[in-house]
Student: 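Questions regarding the structure given below will be posed in turn.
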Protein chains: 2
Amino acid sequence: MYNQLYFVICMDFLIELKNAGFTSRLKRLSDALLYSTKDFYKTVGADIEPNWHLVFLILKRQGALSLTDISDQLQLSHPAIIKIVNNMKSKGYVETKTDTVDSRKQIITLTELALVTLPRLEAYWAAFEETVQDIMKDCPDFLTDLGKVEENLRGSSFKDRTLMNLNSTTKQLL
Amino acid sequence: MYNQLYFVICMDFLIELKNAGFTSRLKRLSDALLYSTKDFYKTVGADIEPNWHLVFLILKRQGALSLTDISDQLQLSHPAIIKIVNNMKSKGYVETKTDTVDSRKQIITLTELALVTLPRLEAYWAAFEETVQDIMKDCPDFLTDLGKVEENLRGSSFKDRTLMNLNSTTKQLL
DNA sequence: TGAATTAATATAACTGGTTATATATTTGTA
DNA sequence: TACAAATATATAACCAGTTATATTAATTCA
């Protein structure tokens, strides 16, 4: 009952927190999109995970890439890419071979199966793009603003900025 | 070498993807904030996790709450709250007792330790709020726009919208 | 050339969320 | 009142990222 009511009058604890709720709202939204995407793939019977998308894309566009090439460009950690690639490999979508010049490197490429499957996946991804456009229809600057936030954090991290703010406030009190 | 260059000229594979990179950028940002926050707590020597923040806040404001009260209001799943509460309990910040009226319910409250620790944590959270303000200084509508996106998705989920988009495109081809 | 440094990959352990499922208690109703 | 349905909590299994650490190969430089 209480929870029903809570939604009906559309209170949202996180939104009420204003700036203090920002990071949690971002995570909540990000998670919602992630699990909704998983659900979508399950419904349409596609045997892939949401986070394979970027790896499919980058390999299709750039051909053979090493693990670190991928992790650098996607700005994800190496272990993250290793896991994704291993999973894609186990489903037969990518194959790896050690570089002939530098035997430390694993060169990753899409398989025939991947190339055959891609058109179907690309139809899904086009539909997702449309959805993204839809949900941002009434806020056309959202993506640009997101870029500004990313850019600001590139200059100085969330942690560093907060340490600075903490220190300046503490000093003011003295 | 390549990866260095990649950053210097500030190319970003996800940003180049435009709408197709939206969800991944949201996740990347959300994760960056999360791990930066963990790092912050570690640096200042606070023995708490980022996701305890909301539970601290809601319990301070609303006093005793059941697990479902919390999960409904924060819009997180029950298991998520159970884990957070168990961790907070193991550190002595909350205590639970079964409701006298409805013995299914676990009533959660902040402990003395929590109340004593809160002022220190609140100083951190105030600094975080400042940081949020800082990184959104040049995009004052970002939070409002985030609200619009959340609102749009409340109407129809990411998955449902995408299924619709997929069907309408497919039909157009016939 | 040999030793120290750097780079690439791999693995372990962790946090943080989700579904799916089970169990016990309450509530609603025939 | 008894039984079915709903509610509250708990647990298992999973996916998705991180940091920290180890290992091996390549590079640098004295």
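So you know, we letter chains A, B, ... as the sequences are listed, proteins then strands, and number each from 1.
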Student: Any side-chain heavy-atom pair from A/L59 and A/I70 closer than 4.5 angstrom?
Tutor: yes
Student: Could you grab the distance from atom CG of A/L74 to atom CZ of B/R28, nearest 0.5 Å is fine?
Tutor: 8.5 Å
Student: Measure from CG on B/L26 to C1' on D/dG17 and round the result to the nearest Å.
Tutor: 15 Å
Student: Aromatic rings B/Y41 and B/F128: how do their planes relate, parallel, tilted or perpendicular, breaks at 30° and 60°?
Tutor: perpendicular
Student: Heavy atoms only, 4.0 Å cut-off, all strands: where does B/I82 land among base, sugar-phosphate and nothing?
Tutor: base
Student: So B/H53 and B/W125, would you call those rings parallel, tilted or perpendicular, with 30° and 60° as cut-offs?
Tutor: parallel
Student: Using a cut-off of 4.0 Å between protein heavy atoms and nucleotide atoms, how would you tag nucleotides 16-21 of chain C 5' to 3' with B, S and -?
Tutor: SBBBB-
Student: Please evaluate residues A/D12 and B/Q75 with respect to the criterion side-chain contact (heavy atoms from CB on, under 4.5 Å), reporting the C-alpha separation (whole Å), side-chain torsions for both, the decisive distance (0.1 Å), and the verdict.
Tutor: CA-CA 8 Å; A/D12 187 327; B/Q75 292 175 39; 3.5 Å; yes
Student: Whole angstrom is fine here: how far is it from CG in B/D39 over to P in D/dT18?
Tutor: 14 Å
Student: Whole-Å distance between C/dA8 C1' and A/I70 CD1?
Tutor: 13 Å
Student: Are A/T144 and A/D141 close enough that a side-chain donor and a side-chain acceptor fall under 3.5 Å?
Tutor: no
Student: Does any non-hydrogen side-chain atom of B/L153 lie less than 4.5 Å from one of A/L29?
Tutor: yes
Student: Whole-Å distance between C/dC14 P and B/D47 CG?
Tutor: 15 Å
Student: Is there a residue in residues 121-129 of chain B whose heavy atoms reach under 4.0 Å of DNA chain C, and which residues are they?
Tutor: none
Student: NZ of B/K105 versus C1' of C/dT25: gap in Å, rounded?
Tutor: 12 Å
Student: Linking I/L/V/M/F/W/Y whenever their side-chain heavy atoms sit closer than 4.5 Å, directly or via other members, would A/F158 and B/Y35 fall into one cluster?
Tutor: no
Student: Below the 4.0 Å mark, does C/dT9 have OP1 or OP2 next to a side-chain nitrogen or oxygen of A/T68?
Tutor: yes
Student: Between the base of C/dA7 and the side chain of A/R104, is there a donor and acceptor pair under 3.5 angstrom?
Tutor: yes
Student: Among B/T131, B/L143, B/L146, find the residue that satisfies the side-chain contact (heavy atoms from CB on, under 4.5 Å) test when tested with B/M136.
Tutor: B/L143
Student: In whole angstrom, what separates B/L67's CG from D/dT7's C1'?
Tutor: 13 Å
Student: Can you measure A/Q106 atom CD to D/dT23 atom P for me and round it to whole angstrom units?
Tutor: 18 Å
Student: Find the distance B/N86:CG to C/dT15:C1' and express it as a whole number of Å.
Tutor: 15 Å
Student: Mind checking if A/V101 touches a base, just sugar-phosphate, or nothing, with heavy atoms under 4.0 Å?
Tutor: sugar-phosphate
